[in-house]
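Computed over heavy atoms, backbone and side chain alike; hydrogens, waters and symmetry mates excluded. Since this is a predicted model, take the numbers as computed values, not measurements. By convention in this document, chain letters (A, B, ...) are assigned in the order of the sequence lines, proteins followed by strands, and residues within each chain are numbered from 1.
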Amino acid sequence: MGKKLAITGNQAVAEAMKQINPDVCAAYPITPSTEIMQRFASFVSDGVVDTELVTVESEHSAMSACIGASAAGGRVMTATSSQGLALMWEMLHIAAGMRLPIAMALVNRALSAPINIHGDHSDGMGSRDCSWIQIYSENAQEAYDNIFQAVRIAEHEEIRLPAMVCMDGFIISHSIESMEFLPDEVVRDFIGEFKPTNPLLDVDKPVTYGPLVLPDYYIEFKKAQHEAIKRAKKVTLDVAKEFEKVSGRSYGLFESYRLDDAEIAIVVLNSAAGTAKDVVDAFRDKGIKVGLLKPRLFRPFPYEEVADALGSARVIGVFDRADSFGGFGPMYMEIASAMIASGSSPVMINRIYGLGGRDFMPEDAEAVIKELVEIADTGKATTLKEYIGVRE
Amino acid sequence: MVTSRDFEGRTPAWCPGCGNFPILKTLKEALAELDIEPHGITVVSGIGQAAKLPHYMRCHTFNGLHGRTLPVATGIRLANHAMPVIAVAGDGDCYGEGGNHLIHAARRNVNVKLFVHDNQVYGLTKGQASPTTMEGVVTKTQPFGSLSEALNPLALAVALDCSFAARGYAGDTEQLRHLMKEALLHKGFALLDILQPCVTFNRVNTYQWYGERVYRVSGGHDPTDRIEAFRKALEWGDRIPTGIIYRNVRPTLEERIPVIRDVPLVAMPQAQVDPDRLMQGFY
């Protein structure tokens, strides 16, 4: 049994990084993730980790340094938010294309303009197609637990892809909650020793990273990447099972909350899911069969499993804390794909909420569930996509 | 008659005692003394404590992304070179993430005035080493001291043949006002590096630290002598020179682009051309 402490999300992630003791961390400060590397720097200073901490002049350089260190053969981690991730964007593809298992904490924050430092998922969703494994976390405990599992999944020999663990900026990163830590030796045994594949520092076996590949082979590389990230679904479950053994906390591809017989389902990611679960309980108390699905593994997306879990729902409300302007929210598109591919056709609505960190209140979830109840009665949805909680 | 009150904006959210306050006040005074009206100037910034300055001014403002102040200012200037454009940045913003843009703005000699609030630390993200943090200075993320040599912006400017390079100090607003006005009146790109204590996160380069070191360059210094300017720019330590270190006269970017040389882009009449007839000329 690990110790229990009241701690912020950022501190929890910094603590996890300390226990992992990576070879190299390269980072650049950005709100709200700054505190992670700042605390980690104090671990470097105190000599409790052996990490080479590289402080650079931009996030682009931070990811570039991570790529160099990872290709050289090190276990590498970093943290960022928002514009930091956006600036890394082209390097995110390099990390994935070179199959480098870098692990990153992404403290979700809105994108400019207008400038805003608060939490939404625009940054993570904006890097959806970068071939990084994406794991989302409801609270500090999940972020802490997910970091270890992300390292294991990323470094798995059948995958070898970078992974990011996401948590909501400020709402989780700066809020104090009670959570449980794993003992250092448990973490050490769980993540194991890093075994580099094709490291540049293996001078007896010279390798090349990033040569030119033209139409003759490029698509084969990309298909291989797709096959590799698809395998992450099974590995995520295997790793979660192992993690449960050492921690007592169980994780899946997503969390199902009172979903088994649900006729009405809502899909909510990250911290807002915690709020929405209480509202689900209130409706259940009134005898209304509502359930909630909280996605965890967003890339690769577990389409079949999600469709199966939502199978009994006639009406689904998908909440998105990010938007694809001119289209549906990114989570809605995934859920719609999952349902269509499974052959079921529930009525689905998309509600955009909480952009730029606007609070998601129980009343917001309540209003949408009420609307879903009405849709279930009439079988018709008036507006498929709508912003909620907007001042008009 | 323009007064500095005409530029009065929102109440700043800087720490009490921050060196940004005298810089903001002096900028408003300099603009008023040059009789520039709020609608006659654009102030551009990126991200950082300095980059908040446009929020606290009443004039045309543009607040963009970290490090990208100069490219945006260049674009604005090319669209309307009848309007003076001031780019405001911090040492982290302009010498770090946007460092490459500084080099090219100086090369191009775009007629933009760059005022760098140089407090030798990252203030917005609470105290990490910036490019001008002195080697060995311990910060929260550089626990063993900054490993790199501090960037010398003035030496860089002289090496780049930057058409105007000066250093001011937030604690000497009389000289600072003079330097801001000189920069605004200068034809060409101007870098004004302004030493500015960060009272919260920089415990090394304090008002006292700067006060003991800064001195105004004497009338004997010839800023048109590049070698002498380079020698002056390299002075840092027990004595830190402030004033115009280097200046030269060379064509601006706007002057080198024939289509906008005489008339700013925004002032050009819309072409009265029938696009269909124009296209026919190509077939």
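- In summary, of the residues considered (Thr51(A), Ile102(A), Val24(A), Ile191(A)), a side-chain contact (heavy atoms from CB on, under 4.5 Å) with Arg75(A) occurs for Ile191(A) alone.
- Between Phe170(A) and His118(A), the angle of the ring planes lies from 30° to 60°, which puts this pair in the tilted group.
- Note: Glu57(A) leads Arg39(A), Glu59(A), Met37(A), Glu57(A) in heavy-atom pairs under 4.5 Å with chain B.
- For Gln83(A), the part lying near chain B is the side chain, with the backbone staying farther off; criterion is any non-hydrogen pair under 4.5 Å.
- With a 4.5 angstrom heavy-atom cutoff, Leu147(B) does not touch chain A via any of its atoms.
- The structure places CD of Gln134(A) at 8.5 Å from CE of Met104(A), a figure rounded to the nearest 0.5 Å.
- Neither the backbone nor the side chain of Phe40(A) comes within less than 4.5 Å of any heavy atom of chain B.
- Taking the centre and axis of the six-membered ring of Phe181(A), the NZ or CZ atom of Lys3(A) falls inside the cone set by 45° and 6.0 Å.
- For Arg58(B), the CZ atom is loosely surrounded, since the number of other residues' heavy atoms within 6.0 Å does not exceed 12.
- Proximity to chain B is limited to the side chain of Leu87(A), based on heavy atoms less than 4.5 angstrom apart.
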